[in-house]
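Worksheet for the structure shown next.
All chains are named by letter (A, B, ...) in the order of the sequence lines, taking the proteins before the strands, and each is independently numbered beginning at 1. What's counted below: heavy atoms across the whole structure, side chains too, no hydrogens, waters or symmetry copies.
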Amino acid sequence: MPELPEVETTRRGVEPHVVGRRIVELALHEPRLRWPVDRALPGRVAGARVTRAGRRAKYLLFELDSGATLMLHLGMSGSLRVLPADTPRRLHDHLDLVLDSGQALRFNDPRRFGSLHFLDGDPAAHPLLAKLAPEPFDPAFDADYLWRATRGRRVAIKQLVMNSHVVVGVGNIYASEALFRARIRPRRQARGLKRDEVARLVESIREVLAMAVEVGGTTLRDYVGADGNPGYFRQKLYVYERPGEPCRVCAQPVRHFVQGQRSTYWCAGCQR
DNA sequence: ACGCCCTCCTGTTGGC
DNA sequence: TGCCAACAGGAGGGCG
C-alpha cells in the first residue's frame, strides 16, 4: 500500500480541490471493500461541505461541516485522484465523491483492501484509530519512546517498526529503508538494540519518510497521486526490491528474505 | 501482553 | 502456449 508518504502526498494533492467544496453526491459503485461500506453512507454525506482534509496514520480524514468525518484507507493497491466528474469509469473505480466544482475524488483499488467509514463524533474515538501509536513526526515519537517500546520485545526490529501500536505510517518499503539508513539488521530482536541504535532508527524513520513525501512517495505498481502522477522515491531506494544488485554504499549484493510473510531487503556489509 | 499465522482480493510474473 | 504457484505497498483478528 501506500505508506505514510503516499497517503500524505494524496492528502496534499486533494486538499485544495476538496476543502470548502460541497459534496453533491457520493456514488458508491462497489461497497465490497476491506469492510462492507454502509449502504446508508452516501445519504449521510450528500450536501455536506468539506472543512478539512486530514490524515491519521494511513487513513485520510475528510472533516465535514456537519461535524462528521469521512474516513478513507487506500489499502494495498488503492489510489485517490481528482478528475472531472464526467470522466468515464475504469476497472476498479469503486467510488466517486462528486463535488460542486464539477470535479470528483475517484477511488480506484484493484485488490479492494481499502475501506470507507462514516464517523459521527470524535474521529480519535473510532475503534480503528483509538489505539494507534504516535505519528512518526510527533515529538512524542523520540528515542526515549522507542527505547521503552523495544525493551523486552523479542520480535524482530523490522516487524516492530511496522506495528501500528509502536509507530504508524511505516510499511514494508520504508521499514527496510529506515533500517538500512540506521545500519541495523532487520532480524535483530528489538530488545537487543542499543540506545544509540534506537536513536538512529528514530531519525532514519523520520528522514526516509520526509524525503519520500518531498518527491511524492514511491510508486512500484499501482500508486499514483491525486494528479495521476507516480511518486519518484523509487530512484532513492537503497535496498527495497533491489535483490542481488550492488549496494549503493558498499557494492555488496543486496539480500532478500521473507520475514513474517513480508519481503525484507538489507545489506550485510552496511547493517549490523 | 506477546508473537505468530491467516485472511481478505485481483493482477502480474516466473518456472516448468 | 498454457497452467499454476508465488508474490505484491495493509492490517485486523484469532490462536496458543
Sugar-phosphate only, base, or nothing, as touched by Arg32(A) at under 4.0 Å among non-hydrogen atoms: nothing
Side chain of Ser263(A) (C-beta onward), nearest among dG10(C), dC4(B), dA8(C): dA8(C)
His92(A) side-chain N/O to dT10(B) phosphate OP1/OP2 under 4.0 Å: no
Among dC4(B), dC8(B), dA8(C), the one nearest Arg34(A) by side-chain distance: dC8(B)
Glu3(A) side-chain proximity, nearest of dG10(C), dG11(B), dC2(B): dG10(C)
Arg90(A) CZ - dT10(B) P separation (whole Å): 19 Å
Aromatic plane relationship, His256(A) with Tyr265(A) - under 30° parallel, 30 to 60° tilted, over 60° perpendicular: tilted
Protein-nucleotide distance (Lys58(A), atom NZ; dG10(C), atom P), rounded to Å: 4 Å
Under 3.5 Å donor-acceptor pair, Arg112(A) side-chain atoms to dC9(B) base atoms: no
Between dC9(B) (C1') and His94(A) (NE2): distance, integer Å: 9 Å
Atom pair distance, as rounded to whole Å: CE in Met162(A) and P in dG12(C): 12 Å
Residue whose closest nucleotide on DNA chain B lies nearer the 5' end, Leu160(A) versus Gln261(A): Leu160(A)
Salt-bridge criterion met for Glu197(A) and Arg183(A) (N-O under 4.0 Å): no
For atom NE2 of His165(A) and atom C1' of dA1(B), their distance in whole Å: 11 Å
Leu220(A) CG to dT10(B) P, straight-line distance once rounded to whole Å: 21 Å
Side-chain H-bond candidate by donor/acceptor type, Tyr174(A) with Thr218(A), under 3.5 Å: yes
Gap between atoms CD and P, on Gln159(A) and dG12(C) respectively (whole Å): 16 Å
dG10(C) OP1/OP2 closer than 4.0 Å to side-chain N/O of Arg262(A): yes
Sugar-phosphate only, base, or nothing, as touched by Asp109(A) at under 4.0 Å among non-hydrogen atoms: nothing
Spacing of Gln189(A) atom CD relative to dG3(B) atom P, expressed in whole Å: 9 Å
Aromatic plane relationship, His73(A) with Tyr59(A) - under 30° parallel, 30 to 60° tilted, over 60° perpendicular: perpendicular
Touch class at under 4.0 angstrom, heavy-atom based, for Leu91(A) against every strand present: sugar-phosphate
Arg185(A) charged N/C atom sitting above Trp266(A) aromatic ring, 6.0 Å / 45°: no
P spacing across the pair dT7(B) / dA5(C), given as an integer number of angstrom: 15 Å
Side chain of Arg111(A) (C-beta onward), nearest among dA8(C), dG12(C), dA11(C): dA8(C)
Phe113(A)-dG10(C) aromatic stacking (under 5.5 Å, under 30°): yes
Base-pairing mate for dC9(B) - Watson-Crick or G-U, with both contacts under 3.5 Å: none
Tyr59(A), nearest nucleotide to its side chain (from dG3(B), dG12(C), dA8(C)): dG12(C)
Asn108(A) and Ser79(A) side chains, donor-acceptor separation under 3.5 Å: no
